[in-house]
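The structure under discussion appears below in the form of structure tokens.
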Amino acid sequence: MARDVRVVLVTGCSSGFGRATVPAFLENGWHVLATLRGAAERGPALVAEGERHPGRLLVVSLDVTRDDQRRAAVAAARARWGRLDCVVSNAGQALWGALEDVTPQELRAQMEINFLGAALLVRDALPLLRAAGGRIILISSLFGRAGFPLSSAYCASKFALEGFGAAIREELRPHGVQVAVVEPGRHRTGFAGRAAWGERSASARSPYAAQSAALAELTRAVAASPGPPAVRVASAVVALAERRRMPARVRVGRDTRLAHLMRRCLPERLADALWAVACARALRPHTERRAPAEVTS
Ligand SMILES: NC(=O)c1ccc[n+]([C@@H]2O[C@H](COP(=O)([O-])OP(=O)(O)OC[C@H]3O[C@@H](n4cnc5c(N)ncnc54)[C@H](OP(=O)(O)O)[C@@H]3O)[C@@H](O)[C@H]2O)c1
């Protein structure tokens, strides 16, 4: 295999950031192992993406919660190209709802997809990544750094991903593997529309019914409003993968950069107080709000 071949594995390529990342890597000369759930039915649309880049795109099934499929995806990179230079862990889903309205199974499933799926895929890929002096890019979120009400499961999964990324960044440094976290703000993808809700969130008897209704209204308003396109995140991911030294963190979007600036520049207690005001405003019923605030993810 030629030394200039660079192979990247991306998860969650059926839509959104993952889908936009595939052509972005191909156009930059990478060989791409694009993974998604149900490749047999949904793969062909993606395969068409690779027609202009013969031999550089392989599409395989990967549900990140499945041990066998994670191992098979890594084995596919080894079998086809004999190497793996970068893993982009992008697959994710949101679970909204107050903690008391979420079942233990729902909470576990959120961690399985957003955190364990990523951590175990990286674990499986590490022998190839170490051999290549490769890179790991974890798609986190603004909510990986800031807690938002009725999002505790999602925030916990992204905070876990951030802690995982920070730890393996140092653990793998002596082995020549670089790790970075991408923290997107709100972007225009299928994400808001696909979010799951806690089983009891819809119950009028829930003590959190008013907050849930406000969040549902807010997510609908956000989903219907224009936001930056997914390709912004895709471009940032490819640019990151191509840097000689990856920074620990990259933020994409005005909202996530603003939140970071607030944390960096203000005393902690003041930043916490301002964030509390922003959270309360965001979940005020629509009629009380002058303009819909944004819920990012
Ligand atoms: N859009 C935003 O505003 C935003 C902001 C911050 C962070 N993020 C993060 O960005 C990442 C991508 O989200 P997106 O905005 O591109 O949303 P999206 O369009 O809904 O894409 C999510 C992708 O994850 C996949 N996925 C979900 N569960 C999976 C599983 N168990 N195994 C494999 N794939 C799975 C989905 O596949 P299926 O089609 O099979 O469901 C889909 O391809 C997520 O980690 C999300 O948390 C998004």
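Both ligands and their constituent atoms are indexed starting at 1 by order of listing. Treat the numbers as computed from the prediction; the structure is a model and nothing was measured. Below, all heavy atoms of this structure are taken into account, side chains as well, without hydrogens, waters or symmetry copies.
Comment: Arg269 does not engage Asp272 in a salt bridge, judged by the lack of any side-chain N to carboxylate O separation of less than 4.0 angstrom.
Two different hydrophobic clusters hold Val10 and Leu58 under the rule that ILVMFWY side chains link at heavy-atom gaps under 4.5 Å. Residues Leu126 and Ile168 share a hydrophobic cluster, clusters being chains of Ile/Leu/Val/Met/Phe/Trp/Tyr side chains in contact below 4.5 Å. No path of Ile, Leu, Val, Met, Phe, Trp and Tyr side chains, each step under 4.5 Å between heavy atoms, connects Val250 with Leu142, placing them in separate hydrophobic clusters.
Every N/O-N/O distance between Thr65 and ligand 1 stays at or above 3.5 Å. Here's the thing with Gly12: one of its N/O atoms is less than 3.5 angstrom from an N/O atom of ligand 1. Backbone and side-chain nitrogen or oxygen atoms of Leu142 are examined, and none is located within less than 3.5 angstrom of a nitrogen or oxygen of ligand 1. No N or O atom of Gly18 sits closer than 3.5 Å to an N or O atom of ligand 1.
Proximity of Arg42 to ligand 1, defined as any heavy-atom pair under 4.0 Å, is confined to the side chain (atoms from C-beta onward). Within the 4.0 Å heavy-atom criterion, neither part of Ala230 lies near ligand 1. Contacts between Arg188 and ligand 1 below 4.0 angstrom, taking non-hydrogen atoms only, are absent altogether. Contact annotation for Asn90 and ligand 1: heavy atoms of both the backbone and the side chain come within less than 4.0 Å of the ligand.
Between Gly185, Ala91, Gly92, Gly193, it is Ala91 that holds the heavy atom closest to atom 34 (N) of ligand 1. Closest to atom 16 (O) of ligand 1 by heavy atom, among Tyr154, Phe17, Phe143, Phe191, is Phe17.
Gln110 is listed as a side-chain neighbour of Ser157, based on a closest heavy-atom distance under 4.5 Å. A 4.5 Å side-chain heavy-atom check between Ile137 and Val182 finds at least one atom pair inside the cut-off. Side-chain contact between Trp96 and Leu215: present, with at least one pair of heavy atoms (C-beta onward) separated by less than 4.5 Å.
Atoms of ligand 1 lying under 4.0 Å from at least one heavy atom of Leu62, given by number and element, are 32 (N), 33 (C). Using a 4.0 Å cut-off to heavy atoms of Gly190, the atoms of ligand 1 that qualify are 19 (O), 20 (O). Remark: ligand 1 atoms within the under-4.0 Å shell around heavy atoms of Gly16 are 16 (O), 19 (O). Against a heavy-atom cut-off of under 4.0 Å, Arg186 is close to the following atoms of ligand 1: 3 (O).
Distances shorter than 4.0 angstrom occur between a heavy atom of Ser140 and an atom of ligand 1. A heavy-atom separation below 4.0 Å is found between Asp63 and ligand 1. Within the structure, the closest approach of Glu112 to ligand 1 does not fall below 4.0 Å when heavy atoms are considered.
In this structure, Tyr154 has its ring center under 6.0 Å from that of Phe191.
Just one residue in the list Thr35, Thr11, Leu62 forms a side chain to side chain contact (heavy atoms under 4.5 Å, CB included) with Arg70, and that residue is Leu62.
Of the N and O atoms on the side chains of Ser140 and Glu162, at least one donor lies less than 3.5 Å from an acceptor on the other residue. For the residue pair Arg194 / Ser15, a side-chain donor-acceptor distance below 3.5 Å is found, with atom types taken as modelled.
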